[in-house]
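One structure is given here, and the rest of the page talks about it.
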There are 2 protein chains.
Amino acid sequence: MRYSKQREEILKIIRNTNVHPTADWVYEQVRKTIPNISLGTVYRNLNQLVAAELILSIKDNTVVRYDGNVNPHNHFKCLRCGNVYDVEIPENDFIPQINRIGAHRVTNVRLELEGICADCVQKEKLN
Amino acid sequence: MRYSKQREEILKIIRNTNVHPTADWVYEQVRKTIPNISLGTVYRNLNQLVAAELILSIKDNTVVRYDGNVNPHNHFKCLRCGNVYDVEIPENDFIPQINRIGAHRVTNVRLELEGICADCVQKEKLN
DNA sequence: AATATTAATAGTAATCATTATTGTTATTGT
DNA sequence: ACAATAACAATAATGATTACTATTAATATT
Ligand SMILES: [Mn+2]
Ligand SMILES: [Mn+2]
Ligand SMILES: [Zn+2]
Ligand SMILES: [Zn+2]
C-alpha cells in the first residue's frame, strides 16, 4: 500500500471523531481539505483501511459505518436520533466462553444494543 | 389487510422452511405455484407480514432474510457456506437484565454469532 | 345477483449505497 | 531522469429494495 494524501486525510478524520461516520460523512469532511476528491476514492480507501485493520466497519441498517477505535467493543444505537454510541461492556460478564454452539465452531460474538440514548431520554422528560 | 392467494402462499412457504430465506428465494419458490407473480408483490407482502408480526426479518450483510419462527431466538451464520442456523441460547445465562447502559435506556438486545458450522467443520476434517 | 368501492396485483421505473471501469496522475524504485 | 504501476477523478454499472401506474379481484352495498 503506497502513500496517498487522500488516504492519510481519511484516516485522520476517522480517528478524530466518535460519531461512527458513514462513507458520505467522511466524503463531506475530506472535501474541506481536498475539494476535488472522488467519492469512489473515499470508498476504496475505507475498504483498504478496513482490510489493513486500521479501522473497523460496522453495519447499521442499509449503510456501513466506520470506527477508528479498533479495540473490540460493542455499540448502542439510539432508535430516536440514530446516533451510535460505544458501549463498554465487560464482555466476560455477559458472554462466557462460547467456543461451540452444538457442533458449530463460534469465532465471532457480537452484541447489538438498541434503545433510547441519554440525550433523548432527557428531552423526553421535558415534555 | 384483505385476503390474497399470493400472501397466503408466501406465508406458507416461509413457515415450511428453516433456511431463513431471502426475498429472491421466496420469489423462486412461489413462482412454482403462481408463475406470473411479481417480485414487487413478494417484497410488499413480506413487509406486510413482518408488520403484522407473522414473520420476522433478520439482516444478513446486504440482504434481508425472513423467519417463520416468531419466538425470539438468536442466529449463527456460517462464514464458510453462508447458512444461517437457529441457536437455542438460554438468553438469561448470557445476557442478564440489561435495562440501562450508562444513561441509555436499552430496549433491544441482539446476539449475533458467526463461525464455521458443523457441516463445514466436518468437511474440513476430511482434508 | 349485480354493482360499487378500493386493496392488491403485475409490470416496470426509480432509488440508493456501493463497486467497477477507464483514462490520467503521482508515488516509489532504479 | 525514467520506468513501472498504485492510486486517482470521473463516471458507469450493479443489486437489493421501493415507488408508480394501470388493471384485477376481494369485499361491501344495494
Ligand atoms: Mn465504536
Ligand atoms: Mn430463526
Ligand atoms: Zn438519541
Ligand atoms: Zn457452513
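Source: prediction; values computed, not measured. In what follows, chains are A, B, ... by sequence order, proteins preceding strands, each numbered from 1.
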Could you give the angle between the helix axes at the two ends of the helix from dA1(C)-dT30(D) to dT30(C)-dA1(D), with five pairs per end, rounded to 10 degrees?
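Roughly 30° between the end axes, to the nearest 10°.
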
Rounded to whole angstroms, how far apart are [atom1] on [X] and [atom2] on [N]?
X        : N       : atom1 : atom2 : answer
Ile37(A) : dA26(C) : CD1   : C1'   : 14 Å
Tyr27(A) : dC8(D)  : OH    : P     : 14 Å
Asn61(A) : dT17(D) : CG    : P     : 11 Å
Glu8(A)  : dA26(C) : CD    : P     : 17 Å
Lys59(A) : dT18(C) : NZ    : P     : 10 Å
Asp60(A) : dA17(C) : CG    : P     : 12 Å
Gln6(A)  : dT27(C) : CD    : P     : 8 Å
Leu46(A) : dA20(C) : CG    : P     : 15 Å

Is there side-chain contact between Asp86(A) and Asp67(A), with heavy atoms separated by less than 4.5 Å?
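Heavy-atom side-chain distance check passes, below 4.5 Å.
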
Expected string for nucleotides 18-30 of chain D under the B/S/- scheme (protein heavy atoms, under 4.0 Å, primed atoms plus P, OP1, OP2 as sugar-phosphate) is B------BBS---

Answer with yes or no whether Ser38(A) presents, from its side chain, a donor or acceptor under 3.5 Å of a partner atom in the base of dA10(D).
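When only heavy-atom distances are counted, Ser38(A) does reach the base of dA10(D) through a donor-acceptor pair under 3.5 Å.
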
Can I get a per-line list of side-chain donor-acceptor pairs under 3.5 Å for residues 112-123 of chain A, giving both atom names and the distance, sequence neighbours left out?
from      : atom 1 : to        : atom 2 : distance (Å)
Glu112(A) : OE1    : Arg110(B) : NH2    : 2.9
Glu112(A) : OE2    : Arg110(A) : NE     : 3.2
Glu114(A) : OE1    : Asn108(B) : ND2    : 3.4

Mind checking whether Leu46(A) and Val84(A) sit in one hydrophobic cluster, side chains of I, L, V, M, F, W, Y counted as touching below 4.5 Å?
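In one cluster: no.
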
Could you list the residues that satisfy side-chain contact (heavy atoms from CB on, under 4.5 Å) with [X], not counting sequence neighbours?
X        : answer
Thr17(B) : Val19(B), Pro21(B), Trp25(B)
Tyr27(B) : Arg31(B), Ile37(B), Leu39(B), Val42(B)
Arg44(B) : Thr41(B), Gln48(B)
Lys32(B) : Gln29(B)

Scan for ring pair (Phe, Tyr, Trp, His ring centres under 6.0 Å) pairs involving residues 107-127 of chain B, sequence neighbours excluded, and state none if there are none.
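Qualifying pairs: none.
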
Please output the side-chain donor-acceptor pairs of residues 51-66 of chain B that fall under 3.5 Å, not counting sequence neighbours, one pair per line with the distance.
from     : atom 1 : to       : atom 2 : distance (Å)
Asp60(B) : OD1    : Lys77(B) : NZ     : 2.8
Asp60(B) : OD2    : Arg65(B) : NE     : 2.7
Asp60(B) : OD2    : Arg65(B) : NH2    : 3.4
Asp60(B) : OD2    : Lys77(B) : NZ     : 3.0
Arg65(B) : NH1    : His20(B) : O      : 2.8

Can you sort out which residues in residues 12-24 of chain A have a heavy atom within less than 4.0 Å of DNA chain C? Ascending by number, please.
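Contacts with DNA chain C under 4.0 Å: none.
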
Go nucleotide by nucleotide along DNA chain D from the 5' end; which of Val64(B) and Asn45(A) gets its closest nucleotide reached first?
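It is Asn45(A) whose nearest nucleotide is closer to the 5' end.
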
Under the salt bridge (charged side-chain N to carboxylate O under 4.0 Å, His left out) rule, collect the residues that match up with Arg105(A), sequence neighbours excluded.
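Arg105(A) satisfies salt bridge (charged side-chain N to carboxylate O under 4.0 Å, His left out) with Glu124(B) once adjacent residues are dropped.
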
Can you tell me if the side-chain N/O atoms of Thr41(B) get under 4.0 Å from OP1 or OP2 in dA10(C)?
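The answer is yes; a side-chain N or O of Thr41(B) sits under 4.0 Å from OP1 or OP2.
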
For Tyr85(A), all residues meeting ring pair (Phe, Tyr, Trp, His ring centres under 6.0 Å), sequence neighbours excluded
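Counting only residues at least two positions away or on another chain, Tyr85(A) forms a ring pair (Phe, Tyr, Trp, His ring centres under 6.0 Å) with His104(B).
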
